[in-house]
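Remember, it's a predicted structure, so these values are computed and weren't measured experimentally. In what follows, residues are counted from 1 in the order of the sequence shown.
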Amino acid sequence: MAARAAVEDAGGLLKTLKGKIWREGDGAGANALRFSAAAVGGLSVLFIAAVFVNILYYITYGRPGTVAQSTSGQASSSGPAKPASGEVYAVIKGLAEAAKYDSALDAVRSMKKDGVYNAEQIGLVELIYSKKVRGLISKGGFDESLSAITAWQSENSSSTLACVLKGQIELKNFNRPAEAKAAFAIAATLESDCVEAVLGLGDCSFYEGDFAAALANYNKALEFGGRSSESRYYAFFGAANSKAAMGDYGAAIASYRESLALNPEHYISYIGLARALRQVKKYDDSLAAAEKALSFDPQLPRANFEYAETLRESDRRHEALKYYKTALDAEPDNLYYMLPYIDVLFGLQIYQGLDGIIRTAIKGASQQQAKALYEKLGMVEYNLHYSDNARKTFEKLNSLYGENDVACYYLALLYEEGEEFDRAIEYYQKALSVNNKHLP
């Protein structure tokens, strides 16, 4: 009777499912599509359930069908055998691959003997946490990744990789070179030939402006034999940047080329090479290097800027404008790009719209930069015949930085144009008192 009732219930369920999947009012195509989707969904559920059950069985009993062996080699009747440790480790690695990090860690912790990990278990801890931290980094979870590293170090205080990853996050994502340097220093102490730690120390010194210390660390990284080409090209790249920062452009050029010989796809090295070549006035070679960087992405802001700067210095200023504009369109608040662009527009007397660019630049400029920008702004407004704006700009320049010969001269011009001759004479005299060689 129970069996009959179960069959009837199952039959009712099947009829219900059939009614949902195969609907009489719909066409054969729609019904076939729903049937296929239901079949795929059902098989997927069965597959996931089978995998889950097998993992649980594997952890608890070992391979299905195995039995424990007695010391005499006969099968024991006490039940299924416990899995070999290698088999359990394989399951734990599978959990880590599936991003089931907490489950994997719980499984490893349960295998401790007298509260201590063996070497293989430490390796699993390293694997699980490294995957977890890198997964968080890839999703932008930098605070969470630092928390995970803290937990990692509580499980294995001798983890070099944990220190390296902490240093990289602190430096690249939080711009905290002091904290990063401490982490890289611990990694270098734990493993004296850890190239990632030495490169990290070089990066920290470079960020802090200690280019000699940075170069020493990059050179040390190059001394480690048998390293990957990736670490070597990065060490050459760091050394090139340090040499360029110290003004040794010839040596920087050689190091950039060493870096590119190991990794021709490292477009940032082409940008550095272009700048170093420009500094030694090898303009054709500089343009060629910048063009190579632009071949990876024509919108690269720094590559466009270097190309523009080389054109400007080789007296091709009109051609440079396009590349300055592309760089600024990508990074509109970058003062490093903006100031040379303003100089070129001003030098070419292209005033229309320049007043707005200068006002934007003033907001982020230093005091000395702002003073020069106010001078240019007033002159641009004067040449655009925005007389009231020009007067206000020059008066502001005098009030902020003290009387300025350029400001006083243009105020005199404005008063003369307005036929206020006494005021004009007063400001011409002020200009001369500031600079008695002011010929205009």
Side-chain angles (χ1 to χ4, degrees), residues 37 39-66 80-113 115-170 172-173 183-184 187 190-191 194-197 199-200 226-231 234 265:
V40 171
L43 288 172
S44 299
V45 170
L46 286 173
F47 176 75
I48 292 167
V51 170
F52 183 70
V53 169
N54 271 282
I55 288 174
L56 289 178
Y57 191 94
Y58 217 53
I59 291 173
T60 310
Y61 299 113
R63 284 193 301 254
T66 61
K82 289 290 182 184
S85 60
E87 295 167 353
V88 178
Y89 292 162
V91 173
I92 291 169
K93 288 176 182 177
L95 289 169
E97 290 294 335
K100 304 292 183 185
Y101 305 118
D102 292 339
S103 299
L105 286 167
D106 287 342
V108 179
R109 290 175 190 132
S110 70
M111 299 176 70
K112 281 183 180 179
K113 187 174 181 180
V116 178
Y117 290 122
N118 64 27
E120 287 180 287
Q121 291 159 4
I122 283 288
L124 287 172
V125 169
E126 292 290 286
L127 172 70
I128 296 163
Y129 271 111
S130 65
K131 283 185 173 295
K132 181 176 184 178
V133 169
R134 288 186 169 117
L136 289 167
I137 291 170
S138 69
K139 296 174 184 175
F142 304 118
D143 286 311
E144 295 89 339
S145 65
L146 289 178
S147 298
I149 289 171
T150 300
W152 180 356
Q153 291 175 317
S154 72
E155 301 257 14
N156 179 19
S157 59
S158 299
S159 174
T160 304
L161 181 55
C163 294
V164 167
L165 289 173
K166 176 178 170 61
Q168 290 173 348
I169 294 165
E170 292 282 12
K172 295 176 183 176
N173 303 113
F184 287 129
L190 291 168
E191 191 177 326
C194 178
V195 69
E196 291 83 4
L199 288 172
R227 299 298 178 178
S228 68
S229 62
E230 181 180 359
S231 63
Y234 190 82
E265 303 300 307

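The structure places OH of Tyr129 at 10.5 Å from CD of Gln153, a figure rounded to the nearest 0.5 Å. Summarising the geometry, atom CG belonging to Asn173 is positioned 10.0 Å from atom CG belonging to Asp143; distances are rounded to the nearest 0.5 Å. Between the CG atom in Leu136 and the CD atom in Glu144 there is a gap of 6.5 Å [rounded to 0.5 Å]. Here the CG-CD distance, from Leu146 to Glu170, works out to 5.0 Å after rounding to the nearest 0.5 Å. Atom NZ of Lys166 is separated from atom OG of Ser159 by 12.5 Å, given to the nearest 0.5 angstrom. Taking NZ of Lys93 as the start and CD1 of Ile128 as the end, the distance is 10.5 Å to the nearest 0.5 Å.
The two atoms that bring Ile169 and Ser145 nearest to each other are CD1-OG, 3.3 Å, heavy atoms only. Closest approach of Asn118 and Tyr89 over heavy atoms only: ND2-OH, 3.6 Å. Of all the heavy atoms in Ala187 and Ala197, the pair that sits closest is CB-CB, 3.8 Å. For the residue pair Ala104 and Leu95, the shortest heavy atom distance occurs at CB-CB, 3.9 Å. Shown here for Leu190 and Ser157, the closest heavy-atom pair between the two residues is CD1-O, 4.5 Å.
Remark: Lys132 engages Asp102 in a salt bridge, criterion side-chain N to carboxylate O under 4.0 Å.
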Query raised in the report: Checking side chain to side chain contact (heavy atoms under 4.5 Å, CB included) for the pair Phe184/Cys194: CA distance, chi angles, key distance, verdict?
Result: CA-CA 10 Å; Phe184 287 129; Cys194 178; over 6 Å; no
Requested in this report: Let me see the working for Tyr117 and Leu124 under side chain to side chain contact (heavy atoms under 4.5 Å, CB included), right down to the final yes or no.
Outcome: CA-CA 10 Å; Tyr117 290 122; Leu124 287 172; over 6 Å; no
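Residues Val133 and Leu161 fail the side-chain proximity criterion, which asks for heavy atoms closer than 4.5 Å. A heavy-atom distance below 4.5 Å is found between the side chains of Arg134 and Leu165.
Proximity of a side-chain donor or acceptor of Gln121 to a complementary backbone N or O of Met111 within less than 3.5 Å is detected.
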